[in-house]
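Here the structure comes first, spelled out in structure tokens, and everything after it is commentary.
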Number of protein chains: 2
Amino acid sequence: MADTVRWLTPEEQRAWRGFVRLQERLGGRLGRLLQSESNVSPADFAVLVHLTDVPEGRQRYQDLARALEWEKSRMSHHIARMAGRGLVVREECAEDARGAFVVITDAGRAAIEAAAPRHVEAVRALFIDHVTPAELRVLTEISERVLRNLDEEAG
Amino acid sequence: MADTVRWLTPEEQRAWRGFVRLQERLGGRLGRLLQSESNVSPADFAVLVHLTDVPEGRQRYQDLARALEWEKSRMSHHIARMAGRGLVVREECAEDARGAFVVITDAGRAAIEAAAPRHVEAVRALFIDHVTPAELRVLTEISERVLRNLDEEAG
DNA sequence: TCTAAGCAGTTGATACATCATCTACAGGAG
DNA sequence: CTCCTGTAGATGATGTATCAACTGCTTAGA
């Protein structure tokens with residue numbers, strides 16, 4: 001651990017700190033809006049959005065976890081909480097007795113239908129509307145490149 | 001709530017999802033590396049970095065909270081945990097009996113000095129090295145513009 | 001000087017994420 | 001059929017974030 005560390009240059013540091021802070025502040029703000037206006041957490045929102053995109057609003061824990069890139073344990077705990085609030089129900093799986101399905105309820109559909117428009121408006125008002133199309137393309141390009149690298153570079 | 005919602009275009013959606021996923025994946029990975037290689041959480045890291053940047057490694061809860069943009073409650077809980085592990089100590093304040101200082105310990109300095117180089121290398125390897133200087137400038141520009149707007153647009 | 005406003009930090013409750021461990025079942029090799 | 005390995009998901013412990021009170025101290029203002 002000699003002095004061979006390539007510390008960040010001032011520009012790199014500024015970019016990195018700005019990016020980190022953006023995540024924290026924007027994510028925090030959007031999350032709080034979601035929670036206070038629609039009474040769902042960002043995690044609830046992700047689950048509900050995904051379930052409305054899937055036949056019969058019904059999917060195996062496993063597949064849901066893969067789609068959201070969550071750990072199975074997180075999924076299990078989170079679905080238990082959401083089921084407690086009536087947004088989804090757990091359903092046994094006939095074909096594989098180990099497995100189970102998560103199914104969105106009417107209350108879950110109502111919640112997501114109420115939350116989504118507000119959330120999208122917030123994403124626009126707080127983010128998209130302040131970024132030009134060209135900048136947005138750069139951002140997409142960066143995100144996808146870095147994500148691709150993360151995928152390769154070990155799980 | 002009529003059908004006047006301006007949903008995201010496919011490009012916008014791709015950009016937004018990529019950005020959100022980048023946060024989650026990159027943040028998660030860097031956090032886990034920090035934790036497993038250096039035994040400090042990202043939050044610990046932020047506190048320690050800030051304290052090494054300040055005279056005598058010593059600052060009021062309040063000022064620390066402002067600098068990191070944390071709530072005072074979070075600060076209080078977190079410092080209590082860090083103090084439990086010997087990374088910082090709490091110190092009463094003579095001038096204002098309500099207040100208190102957070103002071104970094106030798107163990108805290110040792111921890112951050114061990115963690116920082118690895119963390120910087122990880123930030124480079126997983127992010128900076130995959131982004132061109134021009135892209136980095138765009139990212140900085142976007143971040144700062146959006147953050148500025150968040151500041152104005154209410155607390 | 002007394003009081004009311006409000007600031008600094010704490011505390012307890014609740015929700016969330018991760019980890020290690022555990023149970024039950026599935027599917028293949030012998 | 002009987003193991004044996006692996007998979008699906010559950011569970012409990014720990015650490016973390018947020019919210020809503022709450023305590024004790026300060027300070028401005030009547």
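We name chains A, B, ... by the order of the sequence lines, and we start the count at 1 in each one. For clarity, every value in this text was computed on a predicted model and none was experimentally measured.
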Please list, pair by pair, any protein nitrogen or oxygen found under 3.5 Å from a nitrogen or oxygen in nucleotides 15-19 of chain C.
residue	atom	partner	partner atom	Å
C:dC16	OP1	A:Ser41	OG	3.3
C:dC16	OP2	A:Arg81	NE	2.8
C:dA17	OP1	A:Arg74	NH2	2.6
C:dA17	OP2	A:Arg74	NE	3.2
C:dT18	O4	A:His77	NE2	3.3
C:dC19	OP2	A:Glu71	OE2	3.0
C:dC19	N4	A:Ser73	OG	2.5

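- Neither OP1 nor OP2 of C:dG9 sits under 4.0 Å from any side-chain N or O of B:Ser76.
- One can place CG of A:Leu30 at 19 Å from P of D:dA17, the figure rounded to the nearest angstrom.
- Nucleotide C:dG9 holds its C1' atom 15 Å from the CD atom of B:Gln59, rounded to whole Å.
- Salt bridge absent: B:Glu24 and B:Arg29 never bring a charged side-chain N and a carboxylate O closer than 4.0 Å.
- Here the P atom of nucleotide D:dG9 and the CD atom of A:Glu95 are 12 Å apart, to the nearest Å.
- For A:Arg60, the CZ atom counts as densely surrounded, since its 6.0 Å shell holds more than 12 non-hydrogen atoms of other residues, nucleotides or ligands.
- Each of A:Lys72 and A:Ala94 was matched to the nucleotide of DNA chain C holding its nearest heavy atom; the match closer to the 5' end belongs to A:Lys72.
- A salt bridge does not link A:Arg58 to A:Asp63: none of the charged nitrogens lies less than 4.0 Å from a carboxylate oxygen.
- If you take CZ of B:Arg60 and P of C:dT10, they are 11 Å apart, rounded to a whole angstrom.
- Side-chain contact, B:Gln59 with B:His50: a donor N or O sits under 3.5 Å from an acceptor N or O.
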Write down the protein N/O and nucleotide N/O pairs, taken from nucleotides 2-4 of chain D, whose separation is under 3.5 Å; answer none if there are no such pairs.
none

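- Here D:dG9 presents its C1' atom at 13 Å from CG of A:Asp63, a figure rounded to the nearest Å.
- A 6.0 Å sphere centred on CZ of A:Arg17 holds no more than 12 heavy atoms belonging to other residues, nucleotides or ligands.
- Follow the hydrophobic side-chain contacts under 4.5 Å out from A:Val88 and you never reach A:Val54; the two are in separate clusters.
- Here A:Phe127 and B:Phe19 bring their ring centres to under 6.0 angstrom of each other.
- In this entry the distance linking CZ of A:Arg98 with C1' of D:dT11 reads 19 Å, nearest Å.
- Spacing between atom CZ of A:Phe101 and atom C1' of D:dA10 amounts to 18 Å, rounded to whole angstrom units.
- Placement of B:Val138 and A:Leu26 within a single hydrophobic cluster is found when ILVMFWY residues are connected by side-chain heavy-atom separations under 4.5 Å, directly or transitively.
- Following rounding to the nearest Å, A:Leu33 (CG) and D:dT18 (C1') show an atom-to-atom distance of 15 Å.
- The residues B:Arg137 and B:Glu141 are annotated as not salt-bridged, no charged nitrogen and carboxylate oxygen being separated by less than 4.0 angstrom.
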